[in-house]
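To start, the structure under review is shown below, and the notes come after it.
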Amino acid sequence: MVWLIPLLGLLAGIMFGSMITWSIPLAMAKYLSIAVLAALDSVLGGVRCILEETFNGLILLTGFLTNAVFAAFLAYLGDKLGVDLYMAAVFVFGIRIFQNVATIRHHFLTRILNKRDVHATPDSE
Amino acid sequence: MNFKKKYGWQIYLAATFILFGIMLSIQTQTQNRLASELAYQSTADLTIMLKNLSDKRHLLNAEITEAEQRLEEYQQDYADDTRMIEYVNNEIKRLDILTGQASVAGPGIKIILQKENLLYSDVVGLINELWNSGAEAVAINNIRIIDTTAIGFLDALNTTYLTCDKEILEAPYTITAIGNSNILEKGLTMPGGIVDNLEFFKIYPEITIEEEILIPALAEKKVLRYAAVPAKEEQNT
């Protein structure tokens, strides 16, 4: 239930994004993709922080934006320099996303197991 | 303060999610566009597309070649037909002139004969001499003379009338002939020729060279009732 508002936000964002007719130039598609990857990492990081109870909204928002922009800029710079910084970003963000997902899963699992234990204890006694 | 503490993280997370959703859907759209853009297709796909297109091009080229060939054939046929029709038309015109089906105009001579002392055989002789000298069309009193025309005479009421195909001719008789007028004239007036002979019988034909003579067509079309090309010969032609 507490996750309803953020989920609705995600849905609203997707709907709004599919409604706008403005489209980015195809040459920029590569940079946007890496920005999306960075954004996904930030979002998952935010969720993890909530579960770890170290969440700060401002840090999430600023991290989200700067990560996305910087990732795109890094990919662009890599193209200009002829170095595949793009691949480095994909690699790093990919690892972090998996780590974040693993942590989130871990937290959820421990919560659910703890709840069950709380309910189970009186019955078993 | 309490509200902010309770819902703060949700609002921040929701805002982030909204931004993330927008980025996600824009990126999806862009990727869809990329998939249909030729420049971003994989080499394998492009190779297959290229192969298909060049196969199609070869087929179309073959079709073009065939169509052009057919067009050329049709044009050739058409030209052949046109030449054939032209040839046949020219032949028909020539035969019409020869058989008297068409009126003819051209240079030639005019001979005027008086009735006195004239025999039908003299007229026949004159006409023969004209044919001999290369006349291409001859008429007497504007009646076309062809290969089957008969010149004769008719005795009636103590008068002899000259006839052409059993039609009475009125004197003076005018014979017109189309051909090389000089040769025609010389053919008649050469020493010892027909005009010299006619002088013995006190017949003096009046010969004039004309630049333009008009000879009419036969009044009636000649119909062959018995003569026909033998079957054997027809097969050969």
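Naming: A, B, ... by sequence-line order, numbering from 1 per chain.
Interatomic distance, CD1 of B:I26 versus OG of A:S33, reported as 13.5 Å (0.5 Å rounding). Here the OH-CD1 distance, from B:Y12 to A:I59, works out to 10.5 Å after rounding to the nearest 0.5 Å. Atom CE of residue A:M15 and atom CD1 of residue B:I18 lie 12.0 Å apart, to the nearest 0.5 angstrom. With rounding to the nearest 0.5 angstrom, the CD1 atom of A:I14 is 8.0 Å from the CZ atom of B:F20.
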**Q.** Verdict with supporting geometry, A:L61 and B:L19, side-chain contact (heavy atoms from CB on, under 4.5 Å)
**A.** CA-CA 10 Å; A:L61 257 182; B:L19 289 176; 4.3 Å; yes
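The candidate with the highest count of non-hydrogen atom pairs below 4.5 Å against chain B, out of A:A68, A:A12, A:G57, is A:G57.
In A:R111, the CZ atom is not crowded: 12 or fewer heavy atoms of neighbouring residues, nucleotides or ligands sit closer than 6.0 Å. For B:E72, the CD atom counts as loosely surrounded, since its 6.0 Å shell holds 12 or fewer non-hydrogen atoms of other residues, nucleotides or ligands. Counting heavy-atom neighbours within 6.0 Å of A:K30 NZ, excluding the residue itself, gives a total above 12.
Counting all heavy atoms, side chain and backbone alike, A:S18 lies closest to B:S25 at N-OG, 3.4 Å. The nearest pair of heavy atoms linking A:G17 to B:Q29 is O-NE2, 3.3 Å.
Contacts between residues 35-55 of chain A and chain B, defined by a heavy-atom separation under 4.5 Å, are made by A:A35, A:V36, A:A39, A:L40, A:V43, A:V47, A:I50, A:F55.
Residue A:L8 does not touch chain B at all, counting heavy-atom pairs closer than 4.5 Å. The parts of B:Q27 that come within reach of chain A are both its backbone and its side chain, each placing non-hydrogen atoms under 4.5 angstrom from that chain.
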